[in-house]
Amino acid sequence: MDITLEGKVAVVTGASRGIGLAIAQRICEAGGDVLLVSRKAEGLTEAVGTLEGLKGAASWQVGHVGHPDDAQRTMEVCLERFGHIDILVNNAGTNPYMGPLIDIDGARMAKTVEINQSSIVHWTKAACVAGLGDGGGSVLNIASIGGLMPEPGIGWYNATKAAVIHLTKQLSWELAPAIRVNGIAPGLVKTELARAIWEEHEDRIALQIPMKRLGVPDDIATAALFLVSDEASWITGQMLVVDGGTTTQSSGGVG
Ligand SMILES: NC(=O)c1ccc[n+]([C@@H]2O[C@H](COP(=O)([O-])OP(=O)(O)OC[C@H]3O[C@@H](n4cnc5c(N)ncnc54)[C@H](OP(=O)(O)O)[C@@H]3O)[C@@H](O)[C@H]2O)c1
């Protein structure tokens with residue numbers, strides 16, 4: 001299948017590195033234009049530099065996904081630079097707390113909900129106001145296999161990812177037929193966010209995964225490219241698990 005995104009414009013949050021940057025790269029390679037968003041200009045300029053020379057154009061905008069005003073401003077910038085918006089990838093996420101659920105403090109609870117969960121609604125709303133549905137739009141939410149099952153240590157993060165899975169279905173109902181809303185639930189991917197989990201235990205963790213390796217950002221980006229493209233025009237409200245087979249086992253795994 002030759003997937004093209006020529007003529008499409010995407011906003012990707014959390015795109016200065018990791019899974020978000022890999023998704024931005026796949027979109028640019030397919031001819032789509034991308035506005036990369038994260039909190040820090042330095043990381044964004046570096047990221048956009050790696051996309052130079054691809055088929056689509058890449059640009060960046062500083063934005064905090066927890067701030068609804070930043071969502072609105074980002075969409076305005078997207079319209080100024082590219083004229084329209086067709087694809088929103090809600091990718092930015094955080095995990096500020098590791099430990100038993102009952103010991104988490106209120107501030108970190110609230111921050112995790114704000115970044116991982118509420119942002120999905122704020123950014124999708126801002127994209128809709130900017131005309132996401134006008135030409136047949138697509139939203140992709142990055143959840144986690146942690147949203148599908150309990151795991152020690154990251155229970156609150158996982159609860160917000162379970163919410164992302166539910167929000168994906170809810171939004172798909174509310175925004176159809178103009179806009180498709182899907183998600184990806186990754187297993188453990190070698191990025192900064194998950195470094196504390198995989199860095200010293202990679203070989204041991206890999207042995208527990210049916211495909212015998214951890215994920216890399218491009219494993220997620222390849223699936224993302226398909227879901228945001230017109231090739232997936234009859235797919236909405238779905239959560240694609242991309243985890244090397246981790247969740248096929250009764251013991252589950254980290255993601
Ligand atoms: N890695 C895994 O194993 C794994 C597994 C399952 C799900 N996921 C999910 O995949 C998504 C991407 O994670 P990743 O592993 O690629 O993480 P990462 O490599 O740490 O990248 C995170 C990106 O998000 C940006 N970011 C962080 N907080 C932000 C905020 N408040 N507003 C805007 N941008 C923000 C960061 O840039 P700045 O610092 O410049 O803001 C960076 O570009 C997350 O939703 C994560 O929960 C990851």
Side-chain angles (χ1 to χ4, degrees), residues 11-25 34-48 50 60-71 73-74 88-98 108 110-120 122-123 140-149 151 153-154 156-165 167-168 183-199 201-202 205-206 209 213-221 223-224 239-244 246-247 252-255:
V11 170
V12 181
T13 69
S16 64
R17 60 172 189 260
I19 292 169
L21 177 55
I23 292 173
Q25 181 176 333
V34 186
L35 185 62
L36 289 80
V37 180
S38 84
R39 291 165 303 175
K40 297 171 201 135
E42 200 186 342
L44 286 165
T45 45
E46 220 174 280
V48 165
T50 68
W60 59 270
Q61 170 68 18
V62 167
H64 187 304
V65 295
H67 300 164
D69 288 353
D70 285 5
R73 176 73 195 126
T74 298
L88 170 65
V89 181
N90 287 312
N91 165 73
T94 192
N95 183 27
Y97 173 77
M98 299 280 286
R108 281 184 287 186
K111 183 179 178 184
T112 315
V113 171
E114 177 188 68
I115 307 299
N116 294 357
Q117 178 180 332
S118 307
S119 67
I120 303 275
H122 293 308
W123 284 69
L140 184 73
N141 298 324
I142 304 301
S144 167
I145 58 168
L148 299 167
M149 64 202 172
E151 278 176 293
I154 50 175
W156 190 247
Y157 166 88
N158 283 350
T160 63
K161 292 300 188 177
V164 174
I165 293 168
L167 288 171
T168 299
I184 293 177
L188 186 57
V189 180
K190 286 175 65 175
T191 67
E192 279 309 306
L193 181 81
R195 182 176 289 280
I197 297 171
W198 58 263
E199 193 166 36
H201 315 284
E202 183 175 348
I205 296 170
I209 299 172
R213 68 170 175 85
L214 275 61
V216 293
D218 200 45
D219 290 319
I220 311 306
M239 188 58 55
L240 181 60
V241 172
V242 182
D243 70 347
T246 303
T247 45
V254 182

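When a ligand or atom number is given, it counts from 1 through the structure's own listing order.
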Atoms in ligand 1 with a heavy atom of Leu188 nearer than 4.0 Å: 3 (O)
Any Asn91 heavy atom less than 4.0 Å to ligand 1: yes
Where's the contact between Lys161 and ligand 1, heavy-atom distance under 4.0 Å: side chain, backbone, both or neither? side chain
Which atom pair, heavy atoms only, marks the closest approach of Lys190 to Leu214? CG-CD2, 3.7 Å
Closest by any non-hydrogen atom to atom 14 (P) of ligand 1: pick that one out of Ile145, Thr191, Ile23. Thr191
Answer side chain, backbone, both or neither: which part of Pro217 comes under 4.0 Å from ligand 1, heavy atoms only. neither
Is the backbone of Gly14 close enough, under 3.5 Å, to the side chain of Asn91 for a donor and an acceptor to pair up by distance? yes
Report yes or no: does a heavy atom of Tyr157 sit under 4.0 Å from some atom of ligand 1? yes
Quick one, Asp70 and Val65 - any side-chain contact, counting heavy atoms below 4.5 Å? no
What pair of heavy atoms forms the shortest contact from Ala47 to Ala15, and how long is it? CB-O, 4.0 Å
Which of these, Arg39, Arg17, Glu42, has its nearest heavy atom closest to atom 27 (C) of ligand 1? Arg39
Please indicate whether any nitrogen or oxygen in Leu193 is less than 3.5 Å from any nitrogen or oxygen in ligand 1. yes
Would you call Ala143 a ligand 1 contact, heavy-atom distance under 4.0 Å? yes
Taking Trp198 for the side chain and Thr191 for the main chain, is one N or O donor matched with an acceptor at less than 3.5 Å? yes
Looking only at N/O atoms, are Ile19 and ligand 1 under 3.5 Å apart anywhere? yes
Could you say whether the N/O atoms of Ser38 and ligand 1 ever approach to under 3.5 Å? yes
What atoms of ligand 1 come closer than 4.0 angstrom to any heavy atom of Glu192? 19 (O), 20 (O)
Please work out which of Ala194, Gly187, Ser144 has its closest non-hydrogen atom nearest to atom 5 (C) of ligand 1. Gly187
How about Lys111 and Ile115: do any of their side-chain heavy atoms sit closer than 4.5 Å? yes
Note: Asn116 and Thr94 closest approach over all heavy atoms is OD1-N, 2.8 Å
Does Gly63 have a heavy atom less than 4.0 Å from any atom of ligand 1? yes
Has the side chain of Thr13 got a donor or acceptor atom that lies under 3.5 Å from a matching backbone atom of Ala92? yes
4.5 Å side-chain heavy-atom contact, Ile19 and Ile184: no
Does Leu44 reach the side chain of Ser16, with side-chain heavy atoms less than 4.5 Å apart? yes
4.5 Å side-chain heavy-atom contact, Ile142 and Pro186: yes
For Gly93, the atoms of ligand 1 under 4.0 Å from one of its heavy atoms are 44 (C), 45 (O)
Out of Gly14, Ala15, Pro186, who is nearest to atom 24 (O) of ligand 1 when you count heavy atoms only? Gly14
Indicate, as side chain, backbone, both or neither, the part of Ile115 found under 4.0 angstrom from ligand 1 when only non-hydrogen atoms are considered. side chain
